[in-house]
Amino acid sequence: MISSSFYLFGEEPSIARQITFPATYNFADLQVLVASYFSIVDAKDVGFIHRNIELTSASEVYAATGPIAISINGKPVRDIPGPAGLPYVGSFFEIYPDHLGNHQRLFNKYGPLIVTTNMGSRIHHTNDPRLANIFFSESAFFSKKIIPNHPLHAVGMSEAGLFFGNTDSEEWRITHKFLPPALGPKAVRHYAPAMQRTVEESFSVFDKLDLDGESWNVFPYMMKIGSQAVGRLVLGLEFGHFTSVDAPLHEFVTKVTSVVELSKRVTSIGSWYTNMPFGDPKRLRDNMKEVRRILLEASKKASKGIEDLELQDAALQSQNLVDYCLRARDMKGNRLTWDQFVPALVVITAAGFVTSASLLSWMIYGLVTYEGVQERILQELIDHDWDENIQVTADLTNQLKFMNNFVKETQRKHNPSFQPSRTALVDMILPGGYKLAKDSIVIADLHHIHTNPHVWDNADKFDPDRWDTEKIKNRPPGSYQPFASGPRACIGFNFALQEVKIVLSKLLYRYRFSLAETGTVEYDPYYLIIKPSNLYVRAERRFKWPQKTGAKRDA
Ligand code: HEM
């Protein structure tokens with residue numbers, strides 16, 4: 001056996017630790033051993049330096065006398081940089097109101113991992129795909145664990161399992177076993193007719209707005225469509241959002257929307273604010289209770305089948321997710337109880353419509369902002385034999401190559417979700433040599449990863465055709481993850497993608513969209529997701545369509 005002492009390059013040699021290892025160890029074995037002693041996340045980053053000389057083989061390490069420095073990617077370990085901040089408010093004014101622009105400025109200034117302090121809450125952000133993948137991987141280093149500093153802590157709701165539960169909780173384990181099959185690709189296919197019916201119901205309203213020559217604010221209407229689809233498919237509820245131009249939003253939708261708004265507002269002030277017995281924190285708790293009450297009542301009324309079914313069969317045969325939850329059994333005959341599935345369905349409903357409504361809004365933004373996009377999608381529809389009576393299926397939308405590129409590029413540049421957060425489980429050394437303490441909150445900034453100039457060519461350019469290039473196939477792992485990745489990634493992505501393609505195609509075939517107001521379209525910085533707050537468009541009914549080009553055959 002050999003015994004050598006090691007310390008982290010950048011720290012004092014006097015605190016070196018003695019490590020014993022067999023003389024048969026090669027360089028890679030040494031990297032792994034030392035990484036495990038010093039909690040270095042990726043052993044491949046480990047290098048050895050002795051008397052200012054880099055050691056490149058195991059025999060050089062064996063021969064070194066005295067403490068050996070451990071470098072990370074050839075560099076010393078270091079603290080995570082970030083703005084110094086002001087007393088009490090910390091970096092609040094460095095970040096808000098334009099948190100997207102300001103985080104970009106901070107990444108430019110401090111590098112790919114930064115720390116900000118907001119009224120006592122320290123949060124780490126990255127725009128680096130590799131770090132994001134490490135955060136998302138649910139490992140001995142990181143997990144989704146909702147501790148007081150975590151941005152989702154203010155909402156509570158750990159009993160939902162999905163979204164708000166810790167990964168090591170029984171609630172998450174059980175809901176994550178039962179609910180994903182009902183949102184898998186096969187299950188989602190049988191939702192296509194209901195999705196189509198939902199968008200077709202909106203036509204009477206958009207026709208009327210067109211006849212009256214009126215423009216409309218996109219997000220609220222996409223919210224009506226998105227929530228109507230989710231209400232129908234999750235709860236079996238009819239929200240009646242398109243009975244007239246001004247039909248009010250269903251109570252459930254208004255309450256969920258205010259929860260989304262309030263939770264961002266409360267967490268943007270810091271974790272200490274969460275438990276205040278008044279103001280926004282109290283309103284947030286009250287609205288959460290209301291959302292749960294409404295969902296419980298709706299679930300009791302939802303239409304149901306009779307037979308119990310195995311998970312996959314239940315996913316294909318149930319009329320809605322309440323029906324699914326009541327009938328689905330696992331191999332051992334276990335089922336979800338009402339206490340388990342009602343909170344989970346609250347989350348699925350909310351996660352389902354706010355995000356999809358926002359993505360649809362950004363897609364309409366794309367139509368009216370980026371030249372030629374609208375015409376190309378329309379031409380593609382025509383070339384795929386689209387007409388007013390078409391029955392849209394998943395097979396059909398999957399054939400729409402440009403549409404699919406357009407959705408991907410919209411999610412790259414304008415993804416609704418931007419701040420999935422994880423918690424550090426131990427003190428550790430990250431790639432780049434960053435020292436991170438246990439219980440630190442880390443956020444993979446999806447927006448900034450997707451627009452990172454070190455990863456993307458012409459990152460700011462909206463270019464759907466980039467998705468056809470060789471370069472895109474060889475992009476770094478983790479550089480595009482609109483639905484996050486790893487075990488806690490989105491379980492509703494099949495649903496979302498199918499829905500937005502059906503809704504947008506049907507709308508675009510019927511209407512020509514144009515921007516109704518000049519000026520900058522802004523996002524709402526105090527909303528939990530990124531949505532355009534002032535995008536006004538005109539949707540004019542089409543009466544003429546272009547000729548087929550025969551491009552379908554070539555696709
Ligand atoms: C464009 C639309 C959507 C986007 C961009 C999106 C994005 C995301 C992201 C980034 C996460 C990870 C959150 C985190 O790590 O903290 C997530 C989780 C989740 N999403 Fe989505 N989502 C979308 C649509 C949907 C839909 C339609 C549903 C359901 C019908 C859904 C249900 C969920 C659920 C239940 C989770 C939590 C999974 C878990 O806790 O393991 N999402 N979503």
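This one's a predicted model, so the numbers in the text were calculated from it and none came from an experiment. Atoms within a ligand are numbered from 1 in the order they appear, just like the ligands themselves. Values below: every heavy atom of this structure, side chains too, minus hydrogens, waters and symmetry copies.
- Using a 30° and 60° split on the angle between ring planes, Phe239 and His241 fall in the tilted class, from 30° to 60°.
- Note: no N/O pair closer than 3.5 Å links Ala496 and ligand 1 by distance alone.
- With hydrogens left out, the protein atom closest to atom 24 (C) of ligand 1 is Thr355 OG1, 3.2 Å, a heavy atom.
- Residue contacts with ligand 1 for Ala489 involve N, CA, C or O but no side-chain atom from C-beta outward (heavy atoms, distance under 4.0 Å).
- Looking only at protein heavy atoms, the nearest one to atom 16 (O) of ligand 1 is Lys144 NZ, 2.7 Å.
- Of all the heavy atoms in Leu179 and Cys325, the pair that sits closest is CD2-SG, 3.8 Å.
- Between Phe164 and ligand 1 there is no heavy-atom distance shorter than 4.0 Å.
- Taking the six-membered ring wherever Trp is involved, the centroid distance between the rings of Phe406 and Trp467 does not fall below 6.0 Å.
- When hydrogens are left out, the protein atom nearest atom 8 (C) of ligand 1 is Cys490 CB, 3.6 Å; that is the closest non-hydrogen contact.
- Between Phe341 and Trp338, the angle of the ring planes lies from 30° to 60°, which puts this pair in the tilted group.
- Looking at Arg488 next to ligand 1, an N or O pair under 3.5 Å apart turns up.
- From the protein, the heavy atom lying nearest to atom 10 (C) of ligand 1 is Ser417 OG, 3.2 Å.
- In this structure, of Gly492, Ser421, Gly486, the residue bringing a heavy atom nearest to atom 31 (C) of ligand 1 is Gly492.
- Side-chain atoms of Gln481 and Asn133 form a donor-acceptor pair, as typed in the model, at a separation below 3.5 Å.
- For atom 40 (O) of ligand 1, the closest non-hydrogen atom of the protein is Phe163 N, 2.6 Å.
- Between Tyr370 and Phe462, the ring planes are parallel. Angles under 30° get that label, and only those over 60° would be called perpendicular.
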